[in-house]
Amino acid sequence: ETFRWASTTDAQTMDPHAVNSTPVLSFLNNIYEGLVRRGRDMTIEPSLAVSWEPLFGENGWRFNLREGVTFQDGSAFNAQDVLFSYQRASDEAADTRSWFAPVTEVRIVDDYTIDFITEAPNPLFPDSIANFMILDQDWAESNDASLPARDAENFATMNANGTGAFALASRDPGVETRLTPNATWWGDVEHNVTEAIFTPIGNSSTGLAALLSGEIDFIQPIPLQDAEQVEGRDGFKVLEGEETRVIMFGFGHEHDALLYSSDVTDANPFQDSKVRLAAAHAIDMDAIDRVIFRGKIEAANQLVPEGISGYSNAHTNRPEYNPERAKELLAEAGYPDGFSFGLKCTNDRYINDEALCRAAASMFAAVGLNAELSTGPVRDYWTQLREDDFDMFLLGWSPGTFDAEHPIRFLLNSQDDEKKLGSWNFGNYSNARVDELLPLIQEEIDPTTRQTMIDEIVEITQNEVAYIPLYTQPLIWASKDNIDLTQRADNFFILRWVTVN
Amino acid sequence: MLGRIWRSDGMWLFWRSPAAVLAAIVAIVIIGGALLSPWIVATSPYDLASFSLMDGLLPPLWQGGDPRFPLGTDDQGRDMIAAILFGARLSLTIGLMAMAIASVLGIGLGLAAGYFGGRFDAIVMRIADVQLALPAILTALLIDGISRGLLPPDVQQSFRVAVLTLAIALSLWVNFARTARASVFVERNKDYVQAAIMMGQHPLRVMTYHILPNILGPLLVIMTVDLASAILLEATLSFLGIGLPADSPSLGTLIRIGMQFLLSGEWWILWVPTLFLVALVVSINILGDFLRDVFNPKVR
Amino acid sequence: MALFIFKRLIQSVFVMIAVAFLAFSLFRFVGDPVSQMTGVETSVADQDRLREELGLNDPIVAQFYRFTSDLLHGEFGYSYRTRQPVASMIATRIPATLELGVVALLISLLVGIPAGVFTALRPKGLTSQTILLTTLVGVSIPTFVIGILLIFLFGVQLGWLPTFGRGGTVQIGGWTSSLFTLDGWRSLLLPALTLGIYQLTLTMRLVRAEMMEVMQSDYIRFATARGIPYRSLYFRHALANTMIPVITIIGLQFGGVIAFSIVTESVFQWPGMGLLFLESIRFVDIPVMGVYLVVIAFFFVLVNLLVDLLYFAIDPRLRVKEDV
Amino acid sequence: MLEVSGLTVEFPGRHGVFTAIEDVSLTIAPGEIHGLVGESGAGKSTIGAAIIGLLQPPGRIAAGTLTLDQTDLRGLSPNEAHNVRGKRISMIFQDPQTSLNPLMTIEDQLIETILAHERIDASEARQRAIDLLEEIGIENAAQRIRAYPHQFSGGMRQRVVIALALCTNPELIIADEPTTALDVAVQSQVLELIRRTADTRGIGFLLITHDIGVIAQITDQVTVLRGGKVVETGPTEQVLGAPQHEYTQALMAAVPPLDHKMQRFLVPESTLPSTAQASEDASEWLRQGAQTLGEGLDVTDITVRFFGTRTSLFKKPAPLVALDNVSFLVKPGSVTGLVGESGSGKSTLARVISGMIQPATGHMRLGDEALPLARDRGRKDPSRRLIQMVFQDPYSSLNGRHRIGAILSEPLSLYGLEPDAQRRRALCAAMISLVGLPADTIDRYPHQFSGGQRQRIAVARSLLARPRVLICDEPTSALDVSIQAQILNLLKDLQDRFGLTILFISHNLAVVRQMADDVVVLKGGQVIEASPSEQFFENPQSDYSKSLLSLTPSMSLRKPSHSVG
Ligand SMILES: Nc1ncnc2c1ncn2[C@@H]1O[C@H](COP(=O)(O)OP(=O)(O)OP(=O)(O)O)[C@@H](O)[C@H]1O
Ligand SMILES: Nc1ncnc2c1ncn2[C@@H]1O[C@H](COP(=O)(O)OP(=O)(O)OP(=O)(O)O)[C@@H](O)[C@H]1O
Ligand SMILES: [Mg+2]
Ligand SMILES: [Mg+2]
């Protein structure tokens, strides 16, 4: 069956190591494969490696590779390709380099066995390389694509040769990309797709129209407010789920004074955790859920959603909606009349991000926190945040490793450029105990000990209101009735799980 | 002066043209409502504390809405009437300011280019070409970017309107410049201008005191048409994400936000501001047409 | 004549350089390309290295010099976003935009001119008033709203026309055309209409105004007094004399068509330059934006030149004096 | 053939219904030329338009009958009326510049017109067109027919217009001021052509004009119109020779004679009631500024070249020499007439003197001082005040957006003649009364005045600068005879009283004869003759001057050469 689908953005490139972004990795997951892969429920399962175990007496992991696998051009897969792909993916020119930061050496044991040596014990390493895709060394080298393209084109940007269930049939970037099933794929074929055609459609209303007119079979995502409409129509269905992305507000902990205030210009009230807690109490998540998200979100209480490994079941309370309490807290902190400050938000990054911030600003205003809201496209948002140009900001975080350690490393640890820690901790929230615990968590093999340490961090950061976690972002996909597919929590769309009835 | 206008032929023709009268009434109602919006509506859409998300997405009265909000509310719980009136106010401010800047700049350059001619004229017209080759959206991006580079962060937000206005003005001035220049070419050789030059009057005085009032007719027409264009351009820029932030409810922003609810059942969030905008733009254009006819007695 | 064209071409080079420079000074403000090129986990040090490699840390003048000298050597650089050569990216998108623009312009002329003549001849008639009002309402609704409405009406509700894209295209040399298949035309119709409605209204109103004025001119009165048949009077005598201002404005509006094609293309997912440009803005793809602007400036200059040449074709008074 | 009786035309307007034509009757026989005279706005053109059915909206025929032979013109349907146009009645409009479609060749326009009315093939029509052009005196017609209107001179275009009216062989041609825009030489050719076609083809003409000389020269019948009513009608020799109505008499008296100089014109209305105190104040003020006679003007070796548009990549365009070594002298306190055909360089010379055009060579003196050329003449140069100019066109020389008061006080404040605003206003009012306009004039706008009144305002403005030299560039050519007479009287008076030096430019020799003490004749940018006025008119030296004098229509009536049938 021919299957047509659309999404908002095209994969920028067909090179699996050039850009570390969801659209690229999601799309290339259909063509390339890694040593391990994620199943429908996000668990790690064998892919090009049939099994893996920690090395004995040394820090690192051994992967036993699948035999008899061929690339789509017919050449055989072996450990040499893995080593080559590692070198390629960890090169300076590769954007996937950070995955391999802990790796010190990769050793081929034999044609189908390979060892990844790490600096320290690294229990999460296999999880962290689920999207590490393997290229054929000969293909890459003979086509002058031994390294990812950085500021110029190479063969791998427009062509692909993986071991995956689908092969690239044609590509017109930004317009249309066609995939055909890989006849020699090693796995069990669950899909019945004979040709898959992908079209990026940037405008969400247009995309919806394309679905409703029958020109496409599936679209990812659709605007949340349209879900009801689509569901109500004959022949269409909506797939709803939770993404692993938690939306939160962050503070400029480190700033000595507010940047955008008209009344408090010599101090930063947000350095007082009472003020931060007041802000948290001012938010009415129920109303936001009902009006802006039409009941499709789950309130969040930590930086990862429930179900992610490391989620702290011991600390599931979030500050309730209580404007009176908020006002009291503000008064205690010395701001009985509140103050004004700048709130920065994106308007094209997260679902209904702008509406959310407007609603939040209005709720803040109700307790005296007069937010000067500024919204803008994401294209220069990160730059502004990096330049500390905010008093409070909106951020969404999806843990790439599906483990609670990920946000701790990026969002909670103090900024440390050398060790590459806290790189998205824009407000530089800093707590010595948290910094101390992170390396321990990273190395701890025993799950319970590890969880205890994570619980402690969650407790500290909840008490200090390091961030205000708001909710887990919903995933809303829509398709024709006759399509069966799987919605994975990382918002990846996997073609081999599609059946057209 | 007013009396003269009142007794003029234009006024007389006006009362005899039902379309113009109707358009004027619509325009006056909209513009009046917009100007007086802070006194007409109870809750300002700028006062964040004054509306509640709990009132969000209420339909208009006749669809069973809340009597407090006759035309319903948007997704933030803002009264649509308040939103469109304040929106029209902002849109009109931007439109009028943009038009004012564009006309001063364009007429000034056009006058001077037509009057002095030669190299100055060539330079101005090539600049106009460059301007025309840059679509408005790019001009907007440019100005937006420059202002961000130059202004301290805390005032940037309040300058968004100014930035947008300037961007729109820059993409409109060429019309004025070209028209003014063409008119000056005609007017320059008329005897009254020659007489003024011959007497030794200052070029500035010749341009502004003598020529300008005589070429104002076609320029006035462009003004009305461009006022409408400016309002629409602002809407489009907002749609492309270079316009105003969502909490500054210009008509354009309202429509952009309303677009999200085109299908979801809350049709009024889109259609109330859109119809309002249509009424405004159409009436301005009709008045512009009428003005053109008045200024061009030949085609009356 | 040759001198005139030569002069204009020289001037147009300056126009293009000026556009390039403006465009260039704009880029540094649009955003940070590096943060768009890399994933969340990329370290700050790696980002800085990339920035250095791309030459983004160089002074703006040096960057501009590099950009223009590359352009002059025919090197258009590579897209930051897709890492493809910009020249081929733009080249593959040009046909779509040009076909859309030209068809929109044609619609606006083929409908706008007759409608303008009609409404000028019967200025008070009910039909004229209706036409005038409808088109006015048409242009008062922002393009993006009209586009979506048309899509839902003709694409979803009635199911007559496709909702997005170019449909069936035919490759002719390096030119991908949708003008040779029925499917292509079906896809073209809605976007062209959306883009053309503004031009249509403008053309119509302009023709109307000029027509009304020309109809009062002495030579039309004289032609009437000679009993020239009405059809020839209107179309041969009057209409031709309205063409100079009409062509001028249409030429000027080319910029408008291009600007609004950005919106139209994004609404209809029309794979033209405008869509590419919009994506490039989103991803701060500086090389693509730069070349796009220069290409647009080039087209603009070209159209202006054509307009001036058309003047000569239409108006004998502008032609070189020849002895008769 | 054509019978108009009881014709009344109304223009409904803002202030009620305006009756432009009231109860007008006239008849035209085949081959007859019927002249229609009257002052501007009398309704001449309206009658023509009513006959051919092309009244400008909102005009309408309220009463009367129009019959052409047996056809009732008023009873025709719009389409029938359109079929009559061209085929049976043609009309020639006043301005040859704008009567031809600029985008079509002469050939196309002629052939189209012929084919619109006759079933013949195109080559036949073409031959007819060429013959017709030859007949009306366009040489080498077979070739020139392919030209566009702009490639023809004004006179040739007027002939083409006539050819277009003739080409369908109509019974009646309405010619609305067919010669106003032409200079004497061309005018006499055109008039001759009209007379000839009337005689040879038996076409009836309704000839509208305000030039009594033209009427006298070629018409058989004449109707004098005033305020939309017929004042007098009858055979030309009778009406002009022995006018019955006093308006006609006044009109005749206002025609400047070529053969002698009159002291003053008799004007139809008494126009200079300026005996009031106010005008005395103005006179007094002017006299304060002018203790002596006006300054003399000495122009030496002025050459002006204009460069045409470049047509070739390699050749420089040949310059057009508008003035070629022009030298002459204007005596202090005298009037010098500058005459010459259209395009001879008269206006260019005026602009050189007033500092608007930079001559290539030459120098000038004003009184005892050197008069700087345009580029060297500063904005504050004293000559800017001392030399003033009255323009040809009274409609465009006053800024329509300013009140008369503001226009008049400009020289006063600009030259610092009167610092006090109150006094300025009083002075303007005084000057207004000096030129014979009502006192409330200064609070009104130019469009509220007639051409003659505006010209007076223009004169008042130049006087307020206390000039010593006045340049008048065809100050009356846009005005009809009676108003012309008023302006000429005014200028004469002022010159007498204040001893102004006047350079009077005109192509109408009769007018110049009335005004000038000396005459300078220009042709093709060169001075052909310069002599005292009486000598010039009685005994012209150059052949060119002689031909100019002979072509000027005079009041001598033509002999009725054929019997009316
Ligand atoms: N379209 C019109 N609307 C209103 N009044 C008009 C119109 N056309 C002419 N008139 C009036 O009719 C009167 C006669 O005008 P007409 O043009 O016939 O005069 P004329 O004798 O031809 O004058 P001239 O010598 O200046 O051409 C004038 O008073 C004029 O104001
Ligand atoms: N600005 C100019 N550029 C080029 N040629 C000019 C210009 N002004 C005048 N001429 C030419 O110079 C010649 C003299 O013109 P000028 O206006 O002085 O004639 P004139 O004697 O005043 O004629 P008329 O009686 O028609 O007013 C004409 O051939 C005219 O075409
Ligand atoms: Mg007339
Ligand atoms: Mg002249």
Side-chain angles (χ1 to χ4, degrees), chain A residues 6 9-10 12-13 15 18-22 24-25 92 95-99 101 148-154 157-158 172-176 199-203 205-216 348 377-383 386 397-398 400 406 410 417-418 420 423-424, chain C residues 29-47 49-50 53-55 77-85 88-89 92-93 96 144 147-148 151-152 154-159 161-166 176 266-269 271 275-276 278-279 281-284 287:
Chain A
T9 34
D10 194 15
Q12 304 168 27
T13 169
D15 188 324
V19 180
N20 179 3
S21 76
T22 306
V24 175
L25 298 179
E92 278 196 349
D95 196 35
T96 50
R97 189 163 124 89
S98 60
W99 295 338
R150 183 112 226 201
D151 50 8
E153 180 187 43
N154 72 17
T157 24
M158 285 285 280
D172 186 355
V175 182
E176 189 181 85
T199 318
I201 300 183
N203 189 303
S205 308
T206 311
L208 195 61
L211 177 72
L212 295 181
S213 72
E215 284 162 88
I216 53 173
D348 60 353
V378 71
R379 61 171 181 265
D380 58 350
Y381 188 66
W382 304 137
T383 322
R386 283 241 146 72
W397 195 260
S398 170
H406 194 268
F410 283 100
D417 284 353
E418 208 141 285
K420 300 177 181 160
S423 57
W424 289 65
Chain C
F29 300 118
V30 173
D32 176 20
V34 167
S35 71
Q36 297 301 307
M37 289 169 73
T38 54
V40 280
E41 301 182 13
T42 309
S43 71
V44 176
D46 282 346
Q47 291 194 1
R49 199 155 29 77
L50 182 53
E53 270 173 35
L54 296 176
Y78 292 88
S79 155
Y80 290 168
R81 181 171 59 106
T82 67
R83 325 248 146 137
Q84 283 180 277
S88 76
M89 282 173 87
T92 54
R93 298 296 189 102
F144 52 94
I148 292 289
I151 290 178
F152 272 94
F154 291 100
V156 178
Q157 230 52 49
L158 298 171
L161 298 170
T163 52
F164 73 93
R166 282 185 87 185
T176 331
S266 106
V267 169
F268 287 89
Q269 194 65 31
L275 188 62
L276 182 65
L278 212 56
E279 284 164 359
I281 291 182
R282 193 139 66 95
F283 286 92
V284 200

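In this structure, chain C has no heavy atom under 4.5 Å from any part of A:Leu211. Of the atoms belonging to C:Phe164, heavy atoms from both backbone and side chain fall under 4.5 Å from chain A. For A:Thr22, no part lies under 4.5 angstrom from a heavy atom of chain C. Neither the backbone nor the side chain of A:Ala6 comes within less than 4.5 Å of any heavy atom of chain C. If you measure heavy-atom distances from C:Phe283 to chain A, the contacts under 4.5 Å come from the side chain alone.
For C:Arg49, the salt bridge (charged side-chain N to carboxylate O under 4.0 Å, His left out) partners at least two apart in sequence or on another chain are A:Glu92, C:Asp46. Residues that satisfy the side-chain hydrogen bond (donor to acceptor under 3.5 Å, both in side chains) test with A:Glu176, not counting sequence neighbours, are A:Arg178.
Taken to the nearest 0.5 Å, the CG atom of A:Asn154 stands 10.0 Å off from the OH atom of C:Tyr78.
Heavy-atom pairs under 4.5 Å with chain A were tallied for C:Pro287, C:Gly159, C:Ser266; the largest tally goes to C:Ser266. The choice from C:Ile151, C:Thr92, C:Val284, C:Val267 that makes the most heavy-atom pairs within less than 4.5 Å of chain A is C:Val267. Counting heavy-atom pairs closer than 4.5 Å to chain C, the top-ranked of the candidates A:Trp99, A:Trp382, A:Phe410 is A:Phe410. Each of A:Ile201, A:Leu212, A:Thr157, A:Thr383 has some count of heavy-atom pairs under 4.5 Å with chain C, and the biggest count is that of A:Ile201. Comparing A:Asp10, A:Thr13, A:Val19 by how many heavy-atom pairs each has under 4.5 Å with chain C, the most go to A:Val19. Of the listed residues A:Gly174, A:Gly202, A:Pro173, the one with more heavy-atom pairs under 4.5 angstrom with chain C than any other is A:Pro173.
C:Arg166 is not listed as a side-chain neighbour of A:Val175, based on a closest heavy-atom distance of 4.5 Å or more. In this structure the side chain of A:Asn203 reaches within 4.5 angstrom of the side chain of C:Ile148, judged on heavy atoms. Side chains of C:Arg282 and A:Thr9 form a contact here, defined as non-hydrogen atoms less than 4.5 Å apart.
Under the 3.5 Å distance criterion, the side-chain polar atoms of A:Glu215 are matched with a main-chain donor or acceptor of C:Thr163.
Smallest separation of non-hydrogen atoms from A:Ser213 and C:Gly155: CB-O, 3.4 Å.
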